[in-house]
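Since the model is a prediction, treat every value here as computed from it, not as a measurement.
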Amino acid sequence: MKHNKADNVNGWLIIDKPHGMGSTQVVGKTRYLLHANKNGHTGTLDPFATGVLPIAFGEATKLVPFVTEGKKEYEFVLKFGEQTSTDDTEGEVIARSDKIPTRDEITAVLPQFIGTITQVPPMYSAIRINGQQAYKLARKGTQVEMPARQVEIYALELLEKYDDSAKFKVECSKGTYVRTLGKDIAQKLGTVGHLIELRRTKCGIFDLKSKILLDSLEKMEYVEERRKSLLPVETSLRDIAEIAVSAEEALKLMKGQSLSPKGFNLNPTTKTAAAKYQNCLIALVQIDERKISPIRVFNLIDIKENTDVDNK
């Protein structure tokens with residue numbers, strides 16, 4: 001089947017981002033490969049990094065904020081003895097140290113980085129300073145003071161110790177700079193360091209189990225075959241409660257109207273849920289004692305006033 005114009009494509013594509021490619025490049029490439037008219041990523045990965053990059057297509061883009069707010073998990077290799085301008089292999093060496101910490105020294109300091117910690121993000125980052133991205137200012141040689149921020153480190157583990165480097169696994173909140181974490185660990189150990197490997201293994205509910213390589217997509221001959229790699233829009237809501245609604249109730253939600261919670265068997269602790277009609281996602285809703293209100297409405301199904309249903 002020949003596709004001359006972009007189509008309405010809905011769902012999630014979990015790309016294992018290759019080294020050296022920017023997240024925006026991946027978005028453009030996958031939009032082209034699936035002949036889709038709308039897509040976007042959830043949380044930037046530096047060109048230096050690899051791993052889980054969820055790409056939302058069509059109606060799934062409405063759920064991007066909910067995925068980016070989720071926990072992230074990374075594995076990284078920190079090389080001791082050299083600090084670079086970018087805190088990874090992309091920059092120039094700006095400091096050296098002969099101190100190479102032992103396994104015991106490393107494990108002794110890790111508890112200090114668990115919990116709420118303060119980071120000063122790297123100059124080579126996408127953070128905006130006076131309307132300009134910091135990395136663009138850094139490339140011009142402009143020195144600016146990066147604002148400190150608080151992030152949450154839920155778990156930090158030493159996986160392997162090598163001669164002059166070590167491999168770690170970290171589970172962290174949105175906004176955590178793993179490059180900065182590596183640099184700070186090295187400084188706490190009385191030395192300097194930079195990341196030589198960085199791989200995201202989890203982003204929200206998405207992990208490497210659902211991944212597909214860009215190379216694999218490119219090798220598929222037909223667009224329809226590539227689209228079979230898409231996960232349903234509601235996949236990102238699999239940890240959220242579900243409520244079944246009637247055609248009439250679905251129409252109200254799709255028009256932005258609220259429902260009465262009476263008649264629904266709701267858990268009192270449930271505040272957010274996925275409303276479905278005939279197992280099709282209608283809306284993400286917020287629940288309180290008085291009403292069930294739509295937060296995000298999805299156009300995945302046509303429901304007519306006479307309750308006849310046609311899938312798009």
Side-chain angles (χ1 to χ4, degrees), residues 1-15 27 30-42 54-70 204-206 210 212 217 222-267 270-288 290-312:
M1 180 178 177
K2 187 176 180 181
H3 292 257
N4 292 319
K5 75 181 243 182
D7 301 321
N8 292 322
V9 178
N10 301 303
W12 293 94
L13 195 62
I14 314 307
I15 293 294
V27 168
T30 54
R31 187 187 303 133
Y32 168 77
L33 289 172
L34 272 67
H35 287 272
N37 63 5
K38 184 180 182 182
N39 71 344
H41 67 75
T42 61
I55 307 291
F57 285 81
E59 293 297 286
T61 58
K62 296 175 180 178
L63 292 170
V64 165
F66 299 93
V67 175
T68 56
E69 289 296 326
I205 61 97
F206 296 115
S210 307
I212 185 166
L217 276 180
Y222 299 106
V223 174
E224 288 75 14
E225 186 181 0
R226 295 175 195 143
R227 290 179 183 172
K228 288 178 182 178
S229 300
L230 285 166
L231 301 176
V233 172
E234 60 264 34
T235 305
S236 62
L237 300 174
R238 68 183 178 204
D239 294 334
I240 292 178
E242 293 183 7
I243 59 171
V245 297
S246 66
E248 182 182 359
E249 290 165 337
L251 278 168
K252 285 184 177 180
L253 290 173
M254 293 174 79
K255 292 175 182 177
Q257 299 172 8
S258 298
L259 305 177
S260 168
K262 294 178 181 178
F264 289 94
N265 185 21
L266 299 170
N267 187 318
T270 301
K271 302 300 179 186
T272 307
K276 289 187 173 184
Y277 171 68
Q278 293 190 350
N279 211 35
C280 181
L281 181 64
I282 300 298
L284 183 66
V285 297
Q286 184 172 299
I287 303 169
D288 60 34
R290 298 176 295 107
K291 59 185 177 180
I292 298 173
S293 309
I295 304 171
R296 292 284 188 278
V297 174
F298 302 92
N299 299 308
L300 297 168
I301 194 169
D302 283 331
I303 305 178
K304 299 174 183 177
E305 297 293 339
N306 63 4
T307 72
D308 289 339
V309 176
D310 297 312
N311 281 316
K312 283 186 177 181

Non-hydrogen atoms of [X] and [Y] that approach each other most closely:
{"X": "Leu13", "Y": "Leu34", "answer": "CD2-CD1, 4.2 Å"}
{"X": "Asp7", "Y": "Arg227", "answer": "OD2-NH2, 2.7 Å"}
{"X": "Leu281", "Y": "Val233", "answer": "CD2-CG1, 4.0 Å"}
{"X": "Pro294", "Y": "Val297", "answer": "CB-CG2, 3.9 Å"}
{"X": "Lys276", "Y": "Glu234", "answer": "NZ-CG, 3.9 Å"}
{"X": "Ile301", "Y": "Met254", "answer": "O-CE, 3.4 Å"}

Return yes if some donor-acceptor pair links the side-chain N/O of [X] with the main-chain N/O of [Y] below 3.5 Å, else return no.
{"X": "Asp288", "Y": "Arg290", "result": "yes"}
{"X": "Glu69", "Y": "Phe66", "result": "no"}
{"X": "Arg296", "Y": "Val285", "result": "no"}
{"X": "Thr68", "Y": "Val64", "result": "yes"}
{"X": "Arg226", "Y": "Leu33", "result": "yes"}
{"X": "Asn39", "Y": "Val27", "result": "yes"}

Quick one, Ser260 with Ile292, criterion side-chain contact (heavy atoms from CB on, under 4.5 Å). Give me CA distance, side-chain angles, the key distance, then yes/no. CA-CA 6 Å; Ser260 168; Ile292 298 173; over 6 Å; no

Contacts of type ring pair (Phe, Tyr, Trp, His ring centres under 6.0 Å), residue Phe206, not counting sequence neighbours: Trp12

Return the OG to CD1 distance between Ser229 and Ile55, rounded to the nearest 0.5 Å. 13.0 Å

Does the pair Glu59 and Lys62 meet the rule for a salt bridge (charged side-chain N to carboxylate O under 4.0 Å, His left out), with working shown? CA-CA 6 Å; Glu59 293 297 286; Lys62 296 175 180 178; 2.8 Å; yes

How far apart are the C-alpha atoms of Phe298 and Asn10, what are their side-chain angles, what is the distance that settles it, and do they pass the side-chain contact (heavy atoms from CB on, under 4.5 Å) test? CA-CA 10 Å; Phe298 302 92; Asn10 301 303; over 6 Å; no

side-chain contact (heavy atoms from CB on, under 4.5 Å), that's the test. Do Leu251 and Tyr277 meet it? Break it down for me. CA-CA 10 Å; Leu251 278 168; Tyr277 171 68; over 6 Å; no

Is there a side-chain contact between [X] and [Y] in this structure, where contact means two heavy atoms from C-beta onward sitting under 4.5 Å apart?
{"X": "Thr272", "Y": "Ile287", "answer": "no"}
{"X": "Leu217", "Y": "Ile15", "answer": "yes"}
{"X": "His35", "Y": "Val9", "answer": "no"}

Does CD belonging to Gln286 count more than 12 external heavy atoms closer than 6.0 Å? no

Report yes or no: do Asn37 and Asn8 form a side-chain donor-acceptor pair below 3.5 Å? yes

Between Ser293 and Ser258, do the side chains contain a donor N or O and an acceptor N or O under 3.5 Å apart? yes

Looking at Lys228 and Glu225, does any basic side-chain N land under 4.0 Å from a carboxylate oxygen? no

Could you tell me which residues satisfy side-chain contact (heavy atoms from CB on, under 4.5 Å) with Lys38, sequence neighbours excluded, listed by chain and number? Thr61

